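Only one structure is covered here, and it is reproduced in the block below.
First listed ligand is number 1; within each ligand, the first listed atom is number 1. For reference, positions follow the sequence shown, starting with 1. These figures come from a predicted structure and were not determined experimentally.
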Amino acid sequence: MCGITAFSGKEDALPFLLQGLSKLEYRGYDSAGVTLVDNNSLFTLKTKGRLQNLIDQLDHDAPTGLVGIGHTRWATHGIPSNLNSHPHTNNNNTISLVHNGIIENYRDLKEKLLAQGYTFKSETDSEVVVHLLDFYYHGNMIEALKKVINQIQGSYALCIVSTLEPDTVYVTKKDSPLVLGKSEHASFGASDIPALLDYTKDVYFIEDYEIARLCKDKITFYNIDGNEIYKKITHIPYDSEAAQKDGYDTFMLKEIHEQPHAISETLRGRIENKERIILPELDVLKSRFKTFNKAYFIACGTAYHACLSGANILERLTGIPTSTQAASEFRYGDPIIDEKTLCIFV
Ligand code: GLU
(Lines give C-alpha, C1' and ligand atoms only; values in the text may rest on other atoms or scores of the structure.)
Protein backbone atom coordinates (compact mmCIF):
# COMPACT_ATOMS: atom_id res chain seq x y z
CA MET A 1 0.00 0.00 0.00
CA CYS A 2 1.07 3.55 -0.43
CA GLY A 3 -0.34 7.05 -0.08
CA ILE A 4 -1.47 9.54 -2.65
CA THR A 5 -2.36 13.20 -2.28
CA ALA A 6 -3.56 15.76 -4.84
CA PHE A 7 -4.42 19.45 -4.63
CA SER A 8 -5.74 22.23 -6.84
CA GLY A 9 -6.57 25.45 -5.02
CA LYS A 10 -6.17 29.13 -4.37
CA GLU A 11 -3.34 28.56 -1.88
CA ASP A 12 0.00 26.75 -1.99
CA ALA A 13 -0.44 23.04 -2.65
CA LEU A 14 2.62 21.83 -0.72
CA PRO A 15 1.31 22.08 2.89
CA PHE A 16 -1.68 19.86 2.10
CA LEU A 17 0.33 17.44 -0.03
CA LEU A 18 2.84 16.85 2.78
CA GLN A 19 0.39 16.87 5.65
CA GLY A 20 -1.84 14.46 3.76
CA LEU A 21 1.10 12.11 3.14
CA SER A 22 2.03 12.22 6.81
CA LYS A 23 -1.53 11.21 7.72
CA LEU A 24 -1.13 8.26 5.35
CA GLU A 25 2.22 7.11 6.77
CA TYR A 26 0.46 4.33 8.70
CA ARG A 27 -0.05 2.57 5.38
CA GLY A 28 3.68 1.88 5.12
CA TYR A 29 6.08 3.18 2.43
CA ASP A 30 9.71 3.22 1.33
CA SER A 31 10.04 6.57 -0.47
CA ALA A 32 8.19 9.83 -1.02
CA GLY A 33 7.83 12.53 -3.65
CA VAL A 34 5.84 15.49 -4.95
CA THR A 35 5.29 17.38 -8.18
CA LEU A 36 4.18 21.02 -8.12
CA VAL A 37 2.99 22.96 -11.13
CA ASP A 38 5.10 26.08 -10.82
CA ASN A 39 4.82 28.90 -13.40
CA ASN A 40 3.76 26.48 -16.10
CA SER A 41 6.61 24.10 -15.45
CA LEU A 42 6.73 20.95 -13.35
CA PHE A 43 8.92 20.80 -10.26
CA THR A 44 9.41 17.24 -9.03
CA LEU A 45 11.32 16.17 -5.95
CA LYS A 46 11.41 12.53 -4.82
CA THR A 47 13.59 10.59 -2.51
CA LYS A 48 14.06 7.14 -1.02
CA GLY A 49 13.35 6.80 2.70
CA ARG A 50 11.21 8.67 5.20
CA LEU A 51 8.81 11.46 4.32
CA GLN A 52 10.93 13.65 6.62
CA ASN A 53 13.85 13.30 4.13
CA LEU A 54 11.66 14.83 1.47
CA ILE A 55 10.45 17.58 3.81
CA ASP A 56 14.07 18.42 4.78
CA GLN A 57 15.07 18.70 1.13
CA LEU A 58 12.03 20.83 0.33
CA ASP A 59 12.95 23.16 3.21
CA HIS A 60 16.11 24.04 1.28
CA ASP A 61 14.50 24.15 -2.09
CA ALA A 62 10.82 24.87 -1.58
CA PRO A 63 8.97 25.86 -4.72
CA THR A 64 5.48 27.30 -4.76
CA GLY A 65 2.55 26.07 -6.78
CA LEU A 66 -1.21 26.06 -6.46
CA VAL A 67 -1.53 22.62 -8.00
CA GLY A 68 0.34 19.43 -7.16
CA ILE A 69 0.44 15.71 -6.42
CA GLY A 70 2.22 13.69 -3.71
CA HIS A 71 3.09 10.04 -3.15
CA THR A 72 4.52 7.64 -0.62
CA ARG A 73 5.62 4.47 -2.41
CA TRP A 74 5.50 0.83 -1.40
CA ALA A 75 7.71 -0.72 -4.07
CA THR A 76 6.26 -3.59 -6.06
CA HIS A 77 8.27 -3.25 -9.30
CA GLY A 78 11.85 -2.01 -8.92
CA ILE A 79 13.82 -1.50 -5.72
CA PRO A 80 13.19 1.45 -3.41
CA SER A 81 15.38 4.18 -4.94
CA ASN A 82 15.22 7.86 -5.86
CA LEU A 83 14.62 7.05 -9.53
CA ASN A 84 11.90 4.48 -8.87
CA SER A 85 10.09 6.84 -6.47
CA HIS A 86 7.00 8.61 -7.72
CA PRO A 87 5.99 10.99 -9.31
CA HIS A 88 7.04 9.85 -12.79
CA THR A 89 7.22 12.29 -15.69
CA ASN A 90 7.04 12.00 -19.47
CA ASN A 91 10.15 12.59 -21.58
CA ASN A 92 9.67 16.33 -22.06
CA ASN A 93 8.52 16.92 -18.47
CA THR A 94 5.03 18.18 -19.31
CA ILE A 95 3.04 15.42 -17.57
CA SER A 96 3.64 14.01 -14.09
CA LEU A 97 1.84 11.15 -12.41
CA VAL A 98 1.58 9.22 -9.15
CA HIS A 99 0.28 5.66 -9.09
CA ASN A 100 -0.85 3.33 -6.35
CA GLY A 101 -1.29 -0.28 -7.39
CA ILE A 102 0.14 -2.65 -9.98
CA ILE A 103 0.00 -2.45 -13.79
CA GLU A 104 -0.08 -6.15 -14.62
CA ASN A 105 0.58 -5.81 -18.37
CA TYR A 106 3.34 -3.20 -18.07
CA ARG A 107 5.94 -5.34 -19.87
CA ASP A 108 3.93 -5.49 -23.11
CA LEU A 109 3.12 -1.79 -22.90
CA LYS A 110 6.74 -0.90 -22.18
CA GLU A 111 7.95 -2.83 -25.23
CA LYS A 112 5.48 -0.99 -27.44
CA LEU A 113 6.44 2.39 -25.98
CA LEU A 114 10.17 1.66 -26.37
CA ALA A 115 9.51 0.83 -30.01
CA GLN A 116 7.83 4.24 -30.34
CA GLY A 117 11.01 5.91 -29.05
CA TYR A 118 10.02 6.54 -25.43
CA THR A 119 12.82 6.30 -22.88
CA PHE A 120 12.32 5.01 -19.34
CA LYS A 121 14.07 6.35 -16.27
CA SER A 122 12.75 3.84 -13.73
CA GLU A 123 12.19 0.11 -13.32
CA THR A 124 8.58 0.62 -12.23
CA ASP A 125 5.38 -0.60 -13.80
CA SER A 126 3.90 2.87 -13.16
CA GLU A 127 6.12 4.73 -15.59
CA VAL A 128 4.40 3.14 -18.60
CA VAL A 129 1.24 5.04 -17.69
CA VAL A 130 2.81 8.48 -18.00
CA HIS A 131 4.32 7.65 -21.41
CA LEU A 132 1.03 6.16 -22.58
CA LEU A 133 -0.71 9.39 -21.55
CA ASP A 134 1.88 11.34 -23.49
CA PHE A 135 1.25 9.08 -26.50
CA TYR A 136 -2.53 9.56 -26.41
CA TYR A 137 -2.67 13.24 -25.37
CA HIS A 138 -3.79 15.46 -28.23
CA GLY A 139 -5.17 18.42 -26.30
CA ASN A 140 -7.80 16.56 -24.24
CA MET A 141 -6.73 14.74 -21.07
CA ILE A 142 -10.09 13.01 -20.58
CA GLU A 143 -9.82 11.47 -24.05
CA ALA A 144 -6.22 10.42 -23.36
CA LEU A 145 -7.19 8.90 -20.01
CA LYS A 146 -10.06 6.94 -21.58
CA LYS A 147 -7.58 5.36 -24.00
CA VAL A 148 -5.07 4.65 -21.22
CA ILE A 149 -7.75 3.00 -19.06
CA ASN A 150 -8.59 0.77 -22.00
CA GLN A 151 -4.97 -0.33 -22.31
CA ILE A 152 -3.85 -0.90 -18.73
CA GLN A 153 -4.71 -3.99 -16.68
CA GLY A 154 -4.34 -4.32 -12.93
CA SER A 155 -5.07 -1.99 -10.05
CA TYR A 156 -4.54 1.73 -9.91
CA ALA A 157 -5.28 5.03 -8.30
CA LEU A 158 -3.74 7.67 -10.57
CA CYS A 159 -3.31 11.43 -10.07
CA ILE A 160 -1.96 13.45 -12.96
CA VAL A 161 -0.78 17.05 -13.38
CA SER A 162 0.35 18.67 -16.59
CA THR A 163 1.76 21.97 -17.83
CA LEU A 164 -0.72 21.62 -20.69
CA GLU A 165 -3.58 22.18 -18.20
CA PRO A 166 -1.73 23.79 -15.30
CA ASP A 167 -4.75 24.50 -13.06
CA THR A 168 -6.02 20.95 -13.00
CA VAL A 169 -5.38 17.55 -11.44
CA TYR A 170 -6.93 14.55 -13.19
CA VAL A 171 -7.60 11.37 -11.25
CA THR A 172 -8.99 7.92 -11.93
CA LYS A 173 -8.99 4.58 -10.15
CA LYS A 174 -9.58 0.85 -10.29
CA ASP A 175 -9.33 -1.47 -7.27
CA SER A 176 -7.13 1.02 -5.36
CA PRO A 177 -8.47 3.54 -2.84
CA LEU A 178 -8.99 7.22 -3.66
CA VAL A 179 -11.30 9.82 -2.08
CA LEU A 180 -11.81 13.41 -3.11
CA GLY A 181 -12.69 16.45 -1.01
CA LYS A 182 -13.88 19.99 -1.64
CA SER A 183 -13.57 23.17 0.39
CA GLU A 184 -14.30 26.77 -0.53
CA HIS A 185 -10.67 27.25 -1.52
CA ALA A 186 -9.53 23.99 -3.04
CA SER A 187 -10.14 20.49 -4.34
CA PHE A 188 -8.29 17.60 -2.71
CA GLY A 189 -7.53 13.95 -3.40
CA ALA A 190 -6.10 11.29 -1.07
CA SER A 191 -5.94 7.55 -0.52
CA ASP A 192 -7.90 7.77 2.70
CA ILE A 193 -10.30 10.13 4.47
CA PRO A 194 -8.06 11.10 7.47
CA ALA A 195 -5.68 12.82 5.04
CA LEU A 196 -8.47 15.24 4.07
CA LEU A 197 -10.19 15.99 7.35
CA ASP A 198 -8.04 18.92 8.53
CA TYR A 199 -8.95 20.68 5.28
CA THR A 200 -12.49 19.56 4.55
CA LYS A 201 -15.16 17.19 5.78
CA ASP A 202 -17.03 17.23 2.46
CA VAL A 203 -15.91 14.26 0.41
CA TYR A 204 -16.78 12.48 -2.82
CA PHE A 205 -16.31 8.76 -3.36
CA ILE A 206 -15.04 7.97 -6.84
CA GLU A 207 -15.83 4.55 -8.29
CA ASP A 208 -13.70 2.29 -10.47
CA TYR A 209 -13.13 3.58 -14.03
CA GLU A 210 -14.54 7.02 -13.24
CA ILE A 211 -12.44 10.07 -14.00
CA ALA A 212 -12.43 13.34 -12.05
CA ARG A 213 -11.09 16.77 -12.92
CA LEU A 214 -10.02 18.74 -9.85
CA CYS A 215 -9.95 22.54 -10.24
CA LYS A 216 -9.75 25.11 -7.46
CA ASP A 217 -13.47 25.92 -7.60
CA LYS A 218 -15.00 22.56 -8.52
CA ILE A 219 -14.60 18.86 -9.15
CA THR A 220 -16.16 17.44 -12.30
CA PHE A 221 -16.78 13.72 -12.69
CA TYR A 222 -16.89 11.66 -15.89
CA ASN A 223 -17.78 8.06 -16.62
CA ILE A 224 -15.62 5.76 -18.74
CA ASP A 225 -17.32 7.08 -21.89
CA GLY A 226 -16.20 10.60 -21.01
CA ASN A 227 -19.73 11.79 -20.20
CA GLU A 228 -20.12 14.11 -17.24
CA ILE A 229 -21.83 12.49 -14.24
CA TYR A 230 -23.28 13.90 -11.03
CA LYS A 231 -21.90 12.89 -7.62
CA LYS A 232 -23.26 13.56 -4.18
CA ILE A 233 -21.08 15.09 -1.46
CA THR A 234 -20.84 13.06 1.75
CA HIS A 235 -20.25 15.01 4.96
CA ILE A 236 -17.88 13.18 7.33
CA PRO A 237 -19.04 13.80 10.90
CA TYR A 238 -15.71 13.15 12.67
CA ASP A 239 -12.42 15.03 12.77
CA SER A 240 -8.96 13.90 11.78
CA GLU A 241 -7.90 13.32 15.40
CA ALA A 242 -10.72 10.84 15.84
CA ALA A 243 -9.76 9.24 12.56
CA GLN A 244 -6.12 8.96 13.56
CA LYS A 245 -4.29 7.33 16.44
CA ASP A 246 -6.56 8.42 19.25
CA GLY A 247 -3.65 9.62 21.39
CA TYR A 248 -1.73 6.33 21.18
CA ASP A 249 1.85 6.33 19.93
CA THR A 250 1.22 3.75 17.25
CA PHE A 251 -1.74 2.29 15.38
CA MET A 252 -0.80 -1.15 16.69
CA LEU A 253 -1.13 0.03 20.28
CA LYS A 254 -4.39 1.78 19.49
CA GLU A 255 -5.80 -1.37 17.90
CA ILE A 256 -4.72 -3.54 20.84
CA HIS A 257 -6.53 -1.19 23.23
CA GLU A 258 -9.57 -1.13 20.98
CA GLN A 259 -10.03 -4.88 21.07
CA PRO A 260 -12.44 -5.11 24.05
CA HIS A 261 -14.64 -2.41 22.52
CA ALA A 262 -14.37 -3.92 19.03
CA ILE A 263 -15.36 -7.36 20.33
CA SER A 264 -18.31 -6.06 22.34
CA GLU A 265 -19.49 -4.00 19.34
CA THR A 266 -19.20 -7.04 17.10
CA LEU A 267 -21.16 -9.23 19.47
CA ARG A 268 -23.76 -6.60 20.37
CA GLY A 269 -27.20 -8.19 20.29
CA ARG A 270 -25.77 -11.68 20.50
CA ILE A 271 -25.03 -11.95 24.20
CA GLU A 272 -27.68 -13.73 26.23
CA ASN A 273 -28.01 -12.96 29.94
CA LYS A 274 -24.48 -11.54 30.00
CA GLU A 275 -23.05 -15.02 29.93
CA ARG A 276 -23.78 -16.85 26.70
CA ILE A 277 -22.94 -15.85 23.14
CA ILE A 278 -25.63 -16.82 20.66
CA LEU A 279 -24.80 -17.09 16.96
CA PRO A 280 -27.97 -18.48 15.32
CA GLU A 281 -26.46 -18.14 11.82
CA LEU A 282 -24.09 -20.98 12.65
CA ASP A 283 -26.97 -23.40 13.24
CA VAL A 284 -27.92 -23.27 9.58
CA LEU A 285 -24.36 -23.23 8.26
CA LYS A 286 -24.20 -26.96 7.64
CA SER A 287 -27.39 -27.10 5.57
CA ARG A 288 -26.65 -23.86 3.67
CA PHE A 289 -23.18 -25.02 2.68
CA LYS A 290 -24.12 -28.55 1.69
CA THR A 291 -23.63 -27.76 -2.01
CA PHE A 292 -19.90 -27.27 -1.41
CA ASN A 293 -17.34 -30.05 -1.06
CA LYS A 294 -14.24 -27.89 -0.48
CA ALA A 295 -13.51 -24.42 0.90
CA TYR A 296 -10.62 -21.96 0.70
CA PHE A 297 -9.92 -18.92 2.80
CA ILE A 298 -7.74 -16.48 0.82
CA ALA A 299 -5.95 -13.69 2.67
CA CYS A 300 -2.67 -11.86 3.40
CA GLY A 301 -0.70 -10.92 6.49
CA THR A 302 -2.59 -10.88 9.77
CA ALA A 303 -5.80 -11.71 7.92
CA TYR A 304 -4.07 -14.88 6.71
CA HIS A 305 -3.33 -15.85 10.30
CA ALA A 306 -6.90 -15.12 11.36
CA CYS A 307 -8.04 -17.37 8.50
CA LEU A 308 -5.88 -20.28 9.68
CA SER A 309 -8.05 -20.21 12.76
CA GLY A 310 -11.22 -19.52 10.76
CA ALA A 311 -10.58 -22.49 8.46
CA ASN A 312 -10.36 -24.75 11.46
CA ILE A 313 -13.69 -23.49 12.81
CA LEU A 314 -15.48 -23.66 9.45
CA GLU A 315 -14.29 -27.21 8.89
CA ARG A 316 -15.53 -28.21 12.34
CA LEU A 317 -18.93 -26.54 11.87
CA THR A 318 -19.63 -27.68 8.33
CA GLY A 319 -17.59 -30.82 7.78
CA ILE A 320 -16.26 -29.29 4.56
CA PRO A 321 -12.47 -29.75 4.11
CA THR A 322 -11.15 -26.17 4.39
CA SER A 323 -7.70 -24.71 3.83
CA THR A 324 -6.13 -21.26 3.90
CA GLN A 325 -4.13 -19.87 0.98
CA ALA A 326 -1.84 -16.83 0.83
CA ALA A 327 -3.61 -14.40 -1.52
CA SER A 328 -0.38 -13.63 -3.39
CA GLU A 329 0.05 -17.33 -4.25
CA PHE A 330 -3.63 -17.89 -5.04
CA ARG A 331 -3.65 -14.93 -7.44
CA TYR A 332 -0.92 -16.37 -9.63
CA GLY A 333 -1.24 -20.07 -8.87
CA ASP A 334 -3.54 -22.59 -10.49
CA PRO A 335 -5.98 -23.52 -7.72
CA ILE A 336 -8.40 -26.37 -8.38
CA ILE A 337 -11.80 -24.70 -8.30
CA ASP A 338 -15.16 -25.87 -9.57
CA GLU A 339 -18.79 -25.02 -8.85
CA LYS A 340 -18.60 -26.97 -5.60
CA THR A 341 -15.67 -24.92 -4.23
CA LEU A 342 -16.38 -22.16 -1.75
CA CYS A 343 -13.80 -19.30 -1.79
CA ILE A 344 -13.84 -16.77 1.03
CA PHE A 345 -11.66 -13.73 0.28
CA VAL A 346 -10.70 -11.81 3.42
N1 GLU B 1 3.72 -0.50 -8.53
C2 GLU B 1 4.21 0.82 -8.27
C3 GLU B 1 5.68 0.84 -7.95
O4 GLU B 1 6.27 -0.18 -7.65
C5 GLU B 1 3.39 1.55 -7.22
C6 GLU B 1 3.55 0.94 -5.86
C7 GLU B 1 2.68 1.63 -4.81
O8 GLU B 1 1.45 1.40 -4.82
O9 GLU B 1 3.27 2.38 -4.01
O10 GLU B 1 6.25 1.89 -8.01
**Message:** Could you report the tightest heavy-atom contact between L132 and Q151, atom names first, then the distance?
**Reply:** CD1-CB, 4.0 Å
**Fill in**
For C2, the atoms of ligand 1 under 4.0 Å from one of its heavy atoms are 7 (C), 8 (O), 9 (O)
**Request:** Please determine, by modelled atom types, if S155 and K173 share a side-chain donor-acceptor pair under 3.5 angstrom.
**Result:** no
**Message:** Using a plain distance cutoff, I'd like to know if T72 has any nitrogen or oxygen under 3.5 Å from a nitrogen or oxygen of ligand 1.
**Reply:** no
**Prompt:** Does H77, backbone or side chain, put an N or O under 3.5 Å from an N or O of ligand 1?
**Reply:** yes
**Prompt:** If we only count heavy atoms from C-beta on, is the C159 to L97 side-chain gap below 4.5 Å?
**Reply:** no
**Any N or O of G101 closer than 3.5 Å to N or O of ligand 1** = yes
**Prompt:** Purely on distance, is any nitrogen or oxygen of R73 under 3.5 Å from one on ligand 1?
**Reply:** yes
**Asked** Any idea which atoms of ligand 1 are less than 4.0 Å away from a heavy-atom of H86?
**Response** 2 (C), 3 (C), 5 (C), 10 (O)
**Prompt:** Does G78 come within less than 4.0 Å of ligand 1, judged by its heavy atoms?
**Reply:** no
**Fill in**
Rounding to 0.5 Å, atoms OG1 (T341) and NZ (K294) come to a distance of 4.0 Å
**Prompt:** So, is the end of the K232 side chain (NZ or CZ) under 6.0 Å from the ring centre of Y204 and within 45° of the ring's axis?
**Reply:** no
**Prompt:** Any side-chain donor paired with an acceptor under 3.5 Å for Y118 and D134?
**Reply:** yes
**Contact partition for T124 relative to ligand 1, non-hydrogen atoms under 4.0 Å** = side chain
**Item:** Spacing of CG belonging to L158 relative to OG1 belonging to T172, to within rounding of 0.5 Å
**Value:** 6.5 Å
**Proximity of T76 to ligand 1 by residue part, where a heavy atom lies under 4.0 Å** = both
